[in-house]
Amino acid sequence: MISLASDRTSGSPPIGTVRVAVIVFPGTNCELDAAYALELAGAKPDLIWHRQAQLDDFDSVVLPGGFAHGDYLRTGAIARFSPIMGPVGEMAAAGKPVLGICNGFQILCEAGLLPGAFIANSGLSFICRFVEVEVASTSSALTHGTTAGQVIRLPLNSYQGNYVDPTLTGRVVLRYMDNPNGAQGGAAAVANEAGNVVGVMPHPERAIEANLGSEDGMILLRSFLGAGPIETGRTPVGAQPESTRSGG
Amino acid sequence: MKVRVEIVRRPEIADPQGVTVVRALRELGFGEVAEARFNRTIVLDLDGTDPLSARARVEEMCRRLLANPVIEDFDVQVIE
Amino acid sequence: MKVRVEIVRRPEIADPQGVTVVRALRELGFGEVAEARFNRTIVLDLDGTDPLSARARVEEMCRRLLANPVIEDFDVQVIE
Amino acid sequence: MNVDEDAVPSDEEGPNEEGPEQTVHRLLGLTDEEYGQILSTLGRDPRPAELAMYSVMWSEHCSYKSSRVHLRRFPTTAPWVVVGPGENAGVVDIGDGWLAALRIESHNHPSFVEPYQGAATGVGGILRDIFTMGARPIALWDSLRFGPLDQPRNRYLFKGVVAGIAGYGNAVGVPTVGGEVGFAEHYSANPLVNVMCLGLLRPEQLVLATAGPEGTMAVLLGAATGRDGIGGASVLASASFADESANKRPSVQVGDPFEEKKLIEACLELYERHLVVGVQDLGAAGLSCAVSEPAARAAMGMELDLDMVHVREPGMTAPELLMSESQERMMAFVHPDHLEEVLEVAERREIRASVVGKVIRGGQVRVLHGGELVAEVPAASLTDDAPRYERPLGEPGWMEDLWGNTVKFMAQPAIATSLLQMLAEPELASKAWVYEQYDHMLFLNTVVGPGHDATLLRIKGTNRGLALTTDGNGRMCYLDPRRGAGRLVFEAALNVAVVGAEPLAVVDNLNFGNPEKPEVMWQFLETVEGLAEACEALGIPVIGGNVSFYNETEGLDIYPTPVVGMLGLVENMPSPAPRLDRVEDGMDLWLFGPEWSINLAGSAFEKITFAHVGGRPSPPDPTMARAAIASARKLAGAGLPVIHDISTGGTAIAVAEMCIASEVGATVAYSDWRHLFCEDPHRFLVAATPEQGNTVQSIASDIGIPAARIGVFGGSEIAFDRRGVKAVLDLAVATTTWQNAIESRLS
Ligand SMILES: Nc1ncnc2c1ncn2[C@@H]1O[C@H](COP(=O)(O)OP(=O)(O)O)[C@@H](O)[C@H]1O
Ligand SMILES: [Mg+2]
């Protein structure tokens with residue numbers, strides 16, 4: 001892992017020029033919201049249909065929320081075979097920032113770009129309300145612009161939000177204050193080892209203006225846009241203690 | 001040809017539905033219920049006639065799509 | 001004692017999930033798949049030792065809670 | 001057509017000694033007179049497929065045969081109305097280059113048979129009514145009624161319906177941003193599930209359900225057709241076809257939100273690229289309606305080849321194909337030159353498309369199956385010329401007794417105890433258990449969401465907003481249908497006014513019992529009259545709605561339950577908008593509205609604390625209604641933090657709701673305890689800082705509406721003070737009671 005906090009000052013491009021691919025699968029429904037929020041954050045988002053097979057001109061990619069393929073079989077199960085997922089995997093491997101929100105998070109897990117899987121909320125009902133999450137690790141594309149322990153208010157909106165990770169390799173970067181869905185280790189957001197691939201269950205793109213109930217999502221989106229590519233292999237400043245791992 | 005796939009969630013992975021149903025059953029007076037686990041079964045109707053190759057193909061389908069190796073095992077039976 | 005309940009949506013009732021999975025399997029090169037139907041199975045662990053009464057009780061559970069009589073049939077097997 | 005599949009008329013007769021052939025039409029719900037009308041239209045015996053078409057098209061819920069003549073009473077025009085009643089949805093101009101499409105529909109009976117799928121397919125149906133118009137559906141509301149939650153069956157129905165709305169609405173990607181839930185014994189065997197949908201569109205995208213000129217292609221889009229829906233076809237099958245499939249007909253339809261989502265995106269692309277002449281959704285009466293209504297509207301005919309329809313199962317008969325209510329299907333009418341592009345869009349969007357027919361000269365609908373002509377009837381005979389009834393009506397004998405049946409209060413009840421008891425009732429308790437299962441934030445428009453008097457949605461890229469609400473009150477309407485209905489319109493209008501909106505248009509959903517009972521027909525007419533009078537008083541049109549009759553089980557009719565959907569326009573979004581949770585310590589509590597009566601007829605107080613429903617509710621007062629609406633709007637514009645309408649539960653409940661939401665207590669002065677629970681209309685509360693006092697008073701006097709400062713916020717108790725004698729309820733207790741009331745009854 002590496003600390004993106006240091007990268008922000010170094011090589012990463014100014015947000016205004018960041019080209020973000022927002023992937024649209026059949027059944028995706030948060031793509032317009034994600035694009036709206038990213039634009040508000042200063043980036044240049046483009047909606048990309050899942051049949052497209054290259055992402056050459058993009059700096060980073062967002063898999064927005066929704067119900068790709070109706071969540072049939074398993075959430076994210078069918079979407080991971082879409083042609084676009086090849087290039088998404090390549091960007092992940094190249095250290096470029098990759099963010100999955102809600103259903104996008106589930107797709108990243110099914111695709112093996114993040115460890116773990118999702119099952120039904122422990123309460124067995126859909127949950128749509130604001131929740132508070134705490135920054136458990138700042139070394140990820142989503143959280144490097146935050147401070148450890150910082151509390152952030154975001155809307156949760158899912159039925160299969162209950163994260164399980166038998167491998168105990170997922171790094172929790174955001175943790176629920178009151179674990180509303182039973183997620184392992186209270187995981188609200190999980191990153192890969194390098195920190196460039198992040199999945200977040202609550203919706204930062206829904207918390208971008210005061211009159212919508214919170215602006216905290218902007219902190220995370222700006223952080224993500226400011227991340228820039230990550231040269232892997234360096235060791236993190238302030239690497240995460242074991243306890244922040246999802247199994248901890 | 002009909003092939004039956006049962007997708008079984010690994011015992012160590014939680015099953016909220018099972019937990020909830022046990023509680024509900026006990027409230028209804030079925031106190032003898034100790035545990036309940038929910039699985040998914042998929043009945044596939046396939047063209048072709050060779051049970052052996054059919055089973056092999058369906059196992060392939062399970063590995064690639066139908067089951068999630070992170071939390072699930074699967075069991076395939078040719079039923080007719 | 002373990003009892004296995006299979007809950008089957010009546011064949012004439014639509015199964016959108018099955019339709020979508022058939023399309024996905026075909027795209028993955030499993031062109032032989034003609035139909036897929038999703039069912040639920042519930043494995044119950046019961047206190048008690050008499051298979052006959054266990055089966056009767058579980059059938060009662062199905063009627064009262066586990067199955068939706070309007071669109072589903074159920075089948076109960078004592079497995080151990 | 002209206003997808004509410006109501007119970008079939010109660011006078012329907014079973015087979016008798018005449019044998020099936022003679023009585024088939026009765027088994028299909030057609031009377032002998034209606035059968036006679038078919039014979040004279042065709043000049044011959046109808047073929048089975050033709051009988052199938054007439055039976056569904058002439059059914060109550062498709063033909064409106066008992067209500068059409070009376071719905072004419074509604075005002076339906078205004079300068080801003082673009083499309084009034086008669087199309088799939090009403091459309092109004094909301095300025096800045098936007099149109100709003102609105103429609104409400106019921107799915108009561110299917111939800112009783114199978115709550116999850118019944119409610120889910122109800123959502124699917126209302127969405128199609130909206131995007132059929134060319135609009136993108138952006139929000140849903142649900143108005144629900146169930147029997148008391150102490151009965152297991154009612155809990156099952158309640159949970160199932162809510163899960164169904166969540167399951168479909170969330171997955172299809174349209175937020176459910178508001179609604180209402182009520183409970184009364186009368187709904188135990190007959191729950192009500194009404195859903196309202198709002199869509200936005202640009203004027204050039206408006207599409208109507210017309211078939212277009214000769215040669216236009218009919219393209220069936222979406223899900224495959226299966227043996228879904230009405231059991232009616234089995235009657236025909238058993239009477240006229242081999243019996244083998246007669247028992248294979250599910251009456252439960254399964255919703256597929258994923259298919260609908262793809263259908264929405266595909267249709268919106270077709271509209272954007274102007275590739276269709278017209279579009280008709282398939283609901284009840286499926287293909288029968290989708291070919292005949294657009295043809296009739298275009299004064300043309302239609303040829304339909306059933307062999308081209310993509311089907312879910314083999315061996316379907318012509319009547320089955322014509323009557324099937326399979327969900328997620330749309331009929332697009334396409335000029336031959338655009339066919340290729342339309343098919344390309346369908347392919348790319350991953351939905352199926354079949355060319356099933358074409359528009360022909362002359363008014364005939366011709367249906368082919370297996371290469372044979374199975375039906376040939378005049379399109380208009382199925383739609384415009386369907387039977388109309390002026391059913392007999394009579395004021396129920398029980399009204400006088402009801403009105404005389406009032407409670408004589410010996411002493412003043414314990415106010416705090418009564419209030420706590422009311423807060424614990426699902427009817428008045430927090431509905432968070434319901435709306436937190438709905439995605440109510442998608443699209444980033446929800447500025448004031450569920451849990452308030454009205455939902456306030458912003459329109460991105462403009463300074464405008466839309467405020468919407470649904471309101472119903474079966475108890476009041478039962479005690480006086482006309483007064484009750486009129487009050488609903490005024491209440492809904494006040495609800496949108498408290499977030500700053502000007503009432504613009506109404507849709508209504510009329511849920512009633514058996515129209516063949518003169519008493520029910522009287523209730524219906526009184527209701528229509530009450531709604532019409534109130535709309536006229538406010539100068540707002542009815543732009544659409546729905547009628548659901550035969551809501552009776554074992555002879556017990558539901559309360560007459562009109563549900564009013566109100567659309568209001570905010571030209572300058574208040575920021576921050578008034579919200580219940582913006583009360584602060586030290587603010588004053590103001591009461592706006594006319595002098596109180598002491599009338600508790602139909603109030604939640606009498607129902608909950610005395611198990612009493614009787615007396616006659618106060619009439620609405622159009623002048624006061626207008627003053628209340630105008631002043632509420634002015635206050636919202638002036639930046640008052642909280643403006644809250646007083647309705648079910650009265651002032652006591654309205655104050656408690658403000659205190660609980662804002663986590664601050666209050667002390668309220670009163671003279672007669674009945675004023676605290678009276679539900680008389682046109683009244684609302686305002687929270688204001690002392691500095692805002694002058695603004696509040698000058699707005700009141702400018703408009704000429706009584707306003708009084710009746711209390712102050714602060715502390716940790718809700719206290720009611722009469723000359724120094726206080727009734728006190730601990731805020732923490734009130735809060736937990738109110739928040740847990742529904743969930744505690746479900747577990
Ligand atoms: N109670 C009502 N008030 C006003 N308009 C109504 C009412 N009931 C039905 N309508 C109108 O009659 C027309 C036909 O209704 P319906 O058959 O339910 O439409 P659809 O075919 O879209 O279901 C619709 O435009 C509807 O708005
Ligand atoms: Mg319609």
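All chains are named by letter (A, B, ...) in the order of the sequence lines, taking the proteins before the strands, and each is independently numbered beginning at 1. Heavy-atom basis, side chains included; hydrogens, waters and symmetry copies ignored.
Distance alone, capped at 3.5 Å, is enough to place a donor-acceptor pair between the C:R26 side chain and the C:V33 backbone. No donor-acceptor pair under 3.5 Å is formed between the side chain of B:R55 and the backbone N or O of B:V78. Panel note: side chain C:R9, backbone C:N39; no donor-acceptor pair is recorded below 3.5 Å.
The existence of a salt bridge linking B:E60 and B:R57 is excluded, since no basic side-chain nitrogen approaches an acidic carboxylate oxygen closer than 4.0 Å.
Annotation: maximal heavy-atom pairing with chain C below 4.5 Å, among B:A36, B:G48, B:G31, occurs at B:A36. Most heavy-atom pairs under 4.5 Å with chain B: of the set C:V3, C:I42, C:D47, C:T41, this distinction falls to C:T41. The most heavy-atom pairs under 4.5 Å with chain B, out of C:R40, C:K2, C:Q17, C:M61, come from C:M61.
In this structure, the portion of B:R64 lying under 4.5 Å from any heavy atom of chain C is its side chain and not its backbone. With a 4.5 Å cut-off on non-hydrogen atoms, B:L28 touches chain C through its backbone and its side chain both. Of the two parts of C:L66, only the side chain, counted from C-beta on, holds a non-hydrogen atom closer than 4.5 Å to a non-hydrogen atom of chain B. With a 4.5 Å cut-off on non-hydrogen atoms, B:E6 touches chain C through its side chain but not through its backbone.
Across all their heavy atoms, C:C62 and C:V5 have their closest contact at SG-CG1, 3.5 Å.
Between B:L25 and B:V21 there is a side-chain heavy-atom pair separated by less than 4.5 Å.
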